[in-house]
Novice: 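First, the structure itself, so that you have it in front of you.
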Amino acid sequence: MDLVAFRSALLAWYDAEARDLPWRVRPAARGAGVRPDPYAVWLSEVMLQQTTVPHAAPYWQAFLQRWPTVADLAAAEDAEVMAAWAGLGYYARARNLLRCARAVAGEHGGALPDSYDRLRALPGLGDYTAAAVAAIAFDRPATVVDGNVERVIARVFAVEAPLPASKPELKRLAGEVTDITRPGDWAQAMMDLGATICTPRAPKCLLCPLTAHCAARRGDPELYPRKAPKRERPRRYGAVYVLTRGGETALVRRPGHGLLGGMLGLPTTEWRDRAWSLDEAVAVAPTAADWRQAGRVEHLFTHFALSLLVLRAEGDADAAWTRDLSVLPSVFLKAARVGQGALL
DNA sequence: TAACCGTGGAC
DNA sequence: TGTCCAAGGTT
C-alpha cells in the first residue's frame, strides 16, 4: 500500500467531487478558513445515525431554525423536542440529544468540547460520532469509522473476517490510512466515497479514485464486507385504540425508555406473540365505548414485525387530546389514519 | 457479547 | 412481499 498515493488520490477526488450537503463546509471553503458550526455538525451526525440523508435533512433544517444554538435546545421542553423528532426513528437519540445539550449548556459553557475524549463522554456520542465531530467540526485528527468506512476498508484490504467481529480490525486499518493533515475533509471523503462510489451493491469501480489500491477489485468487491448471518425477525401482535372526540384523538405518553420511549402514542395492548381477537381487544380497551374494528396495520421494526388490529370508537377518556398527529411515531400515525378511515 | 432500538427507499 | 440497508449508541 502506497499511503502517500492513496491519501492524495482520495483527497483530490473529494476536492473535485464533494457532495453539497446542507451541513457541509466544502473543501475549498474549509481551506480558506471557514469552520462549520459545531452544534450544527453534532446535530447532523446524530440525525444521520442509521438514517439516510434525504430523511434527516428536513429535520436538521427544522431543528436549527427552531433551536439555533445549544442553549436554545437545552432550554426546550422535552415534549417539544420529542414531537419535532417524530418520524425520524430511534427516539433514544432525541432523549440523548436533550441530555447532551443540557450537559453542554451546564458544564461546558454552552460550547461543545473540541476533543474526542470529552465529546465521547457526552450522552449519545459513541466512537463514531465523537470522532466525526472532533474531525469535522474541529479538524482534530480522529479515526472516523461508520458503515461506509467499514465497507471501503474491507474492500481495499479484502478483509475476509466477517462483520461485526471484524470491526476492530477495520478500525485499525482505517486508522493506519487516515490522513491527519486534513481530518475533517478526510473523514467526509471516506464516507462520501462509500455513499456514492463504493456502494453496497453495484459499486462504481470505474469511477473510483482508489482502484489502483483496492485488493477486492481483483475479485468481486461486492462480496465485501463479509457479514455474519442475521437472526430472523419474529412477528408480534397488538391492538391499538383510535378514540376520537370530535376532531381530536386520544394519545398517551409512553414510558421514558425502551421502544418508542418518551413519545406520544395511541393506547395499545401488550404486543405479544399471539394474535388478538376483536373480543379480546375490546375487553381490555382503555375505556368503555362502542369499539369497532377499523382495519389492520403492518409495521416493521428492526428486530420484529408488528401486526396491529386497529379499533375505533367515539368517546371520552382521561388522555392527551390532539388534532396534530404529526407528533406520532410512524407506526401510530399509520394506525391513526386507518382508524380515521383515511384508507391510504 | 448480543440484543435492543425506527423508518423509508431501493431492488 | 421480502430483504437489505443508512454518517450507531446503549445496555
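The figures here come from the full heavy-atom set of this structure, side chains too, leaving out hydrogens, waters and symmetry mates. Chain naming here is simple, since letters A, B, ... match the order of the sequence lines and numbering starts at 1 in each. Computed from a predicted model, the values in this text were never measured in an experiment.
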Novice: Does A:Arg140 reach the side chain of A:Leu119, with side-chain heavy atoms less than 4.5 Å apart?
Specialist: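 No, their side chains stay 4.5 Å or more apart.
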Novice: Checking the side chain of A:Arg272 only, and the main-chain atoms of A:Ala275 only, is there a donor and an acceptor separated by less than 3.5 Å?
Specialist: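 Looks like yes, one N/O pair under 3.5 Å.
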Novice: Output all residues satisfying ring-ring contact (aromatic ring centres under 6.0 Å, His included) with A:Tyr224, sequence neighbours left out; order by chain, then residue number.
Specialist: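 Per chain and number, A:Tyr224 pairs via ring-ring contact (aromatic ring centres under 6.0 Å, His included) with no residue.
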Novice: Just checking A:Trp60: base, sugar-phosphate only, or nothing, at a heavy-atom cut-off of under 4.0 Å?
Specialist: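 Result for A:Trp60 = nothing.
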Novice: A:Arg226 and salt bridge (Lys or Arg N to Asp or Glu O under 4.0 Å): which partner among A:Glu150, A:Glu160, A:Glu169?
Specialist: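 For A:Arg226, the salt bridge (Lys or Arg N to Asp or Glu O under 4.0 Å) check succeeds only for A:Glu160.
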Novice: Compare all side-chain heavy atoms of A:Cys208 with those of A:Leu193 and state whether any distance is below 4.5 angstrom.
Specialist: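 The answer is yes; the side chains approach within 4.5 Å.
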Novice: For a quick test of reading the model: is some side-chain N or O of A:Thr129 closer than 4.0 Å to OP1 or OP2 of C:dA7?
Specialist: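 A:Thr129 to C:dA7 OP1/OP2: no side-chain N or O under 4.0 Å.
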Novice: Measuring only the P atom in each nucleotide, how far is C:dT10 from B:dG8? A whole number of Å is fine.
Specialist: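 Nearest-Å result for C:dT10 against B:dG8 at atom P: 24 Å.
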Novice: Checking all strands, does A:Ala195 fall into the base, sugar-phosphate, or nothing category for heavy-atom contacts under 4.0 angstrom?
Specialist: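 Sugar-phosphate, no base atom in range.
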Novice: Write down the distance between CD (A:Glu232) and P (B:dA3), rounded to a whole number of angstrom.
Specialist: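 Answer to the nearest Å: 12 Å.
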Novice: Where along residues 168-177 of chain A does a heavy atom come under 4.0 Å from DNA chain B, residue by residue in number order?
Specialist: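 Heavy-atom contacts with DNA chain B come from no residue of residues 168-177 of chain A; none.
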Novice: Give me the residues of residues 135-162 of chain A where at least one heavy atom lies under 4.0 Å from an atom of DNA chain B, by number, or none.
Specialist: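 Of all residues in residues 135-162 of chain A, none places a heavy atom under 4.0 Å from DNA chain B.
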Novice: Restricting to side-chain contact (heavy atoms from CB on, under 4.5 Å), what partner residues turn up for A:Gln50, sequence neighbours left out?
Specialist: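 If we apply the side-chain contact (heavy atoms from CB on, under 4.5 Å) test to A:Gln50, skipping adjacent residues, the hits are A:Tyr90.
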Novice: Mind checking whether A:Trp186 and A:Phe6 have parallel, tilted or perpendicular rings, split at 30° and 60°?
Specialist: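 Answer is tilted, since the angle falls between 30° and 60°.
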Novice: Which residues pass the side-chain contact (heavy atoms from CB on, under 4.5 Å) test with A:Ala132, sequence neighbours left out?
Specialist: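 If we apply the side-chain contact (heavy atoms from CB on, under 4.5 Å) test to A:Ala132, skipping adjacent residues, the hits are A:Glu45, A:Tyr128, A:Ile136, A:Val144.
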Novice: Rounding to an integer number of Å, can you tell me how far A:Lys167 NZ sits from C:dG8 P?
Specialist: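 Atom NZ in A:Lys167 sits about 9 Å away from atom P in C:dG8.
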Novice: What integer number of Å spans the C1' atoms of B:dT1 and C:dG9?
Specialist: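 The answer is 15 Å between these two C1' atoms.
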Novice: At under 4.0 Å between heavy atoms, how does the protein contact nucleotides 4-11 of chain B? Give one character per nucleotide, 5' to 3', with B, S or -.
Specialist: SBBBS---
Novice: Is there side-chain contact between A:Trp23 and A:Pro36, with at least one heavy-atom pair below 4.5 Å?
Specialist: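 With C-beta onward as the side chain, the pair stays apart.
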Novice: Please report the C-alpha distance between A:Leu243 and A:Trp321 in whole Å, then the side-chain angles of each, then the deciding distance to 0.1 Å, and finally whether the side-chain contact (heavy atoms from CB on, under 4.5 Å) criterion is met.
Specialist: CA-CA 9 Å; A:Leu243 184 67; A:Trp321 292 91; 3.9 Å; yes
Novice: Write down the distance separating the C1' atoms in C:dC4 and B:dG6, rounded off to the nearest Å.
Specialist: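 One C1' to the other, the span is 15 Å.
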Novice: Indicate whether OP1 or OP2 belonging to C:dC5 is found under 4.0 Å from a side-chain N or O atom of A:Lys227.
Specialist: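 Answer yes for this pair, as a side-chain N or O of A:Lys227 is under 4.0 Å from OP1 or OP2.
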Novice: Heavy-atom nearest nucleotide on DNA chain C for A:Ser44 versus A:Arg120: which residue maps closer to 5'?
Specialist: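 So the residue in question is A:Ser44.
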Novice: For A:Leu97 and C:dG8, give me the distance from atom CG to atom P, rounded to whole Å.
Specialist: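 In whole Å, C:dG8 P and A:Leu97 CG are 16 Å from each other.
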Novice: Using whole Å, what does the distance between atom P of nucleotide C:dC5 and atom CZ of A:Arg226 come to?
Specialist: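 Spelled out: CZ on A:Arg226 to P on C:dC5 is 14 Å.
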Novice: Which distance, rounded to the nearest 0.5 Å, do you find between the CH2 of A:Trp271 and the CG of A:Leu259?
Specialist: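 With rounding to 0.5 Å, CH2 (A:Trp271) is 5.5 Å from CG (A:Leu259).
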Novice: Measure the shortest side-chain to side-chain distance between A:Arg254 and A:Phe332 over non-hydrogen atoms and say whether it is less than 4.5 angstrom.
Specialist: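 The answer is yes; the side chains approach within 4.5 Å.
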Novice: I'd like the C1' distance from C:dA6 over to B:dC5, given in whole Å.
Specialist: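 These two C1' atoms come out 15 Å apart once rounded.
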Novice: If you pin A:Pro123 and A:Val53 to their nearest nucleotides in DNA chain C, which one's is more 5'?
Specialist: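 Checking each residue's closest nucleotide, the 5'-ward one belongs to A:Val53.
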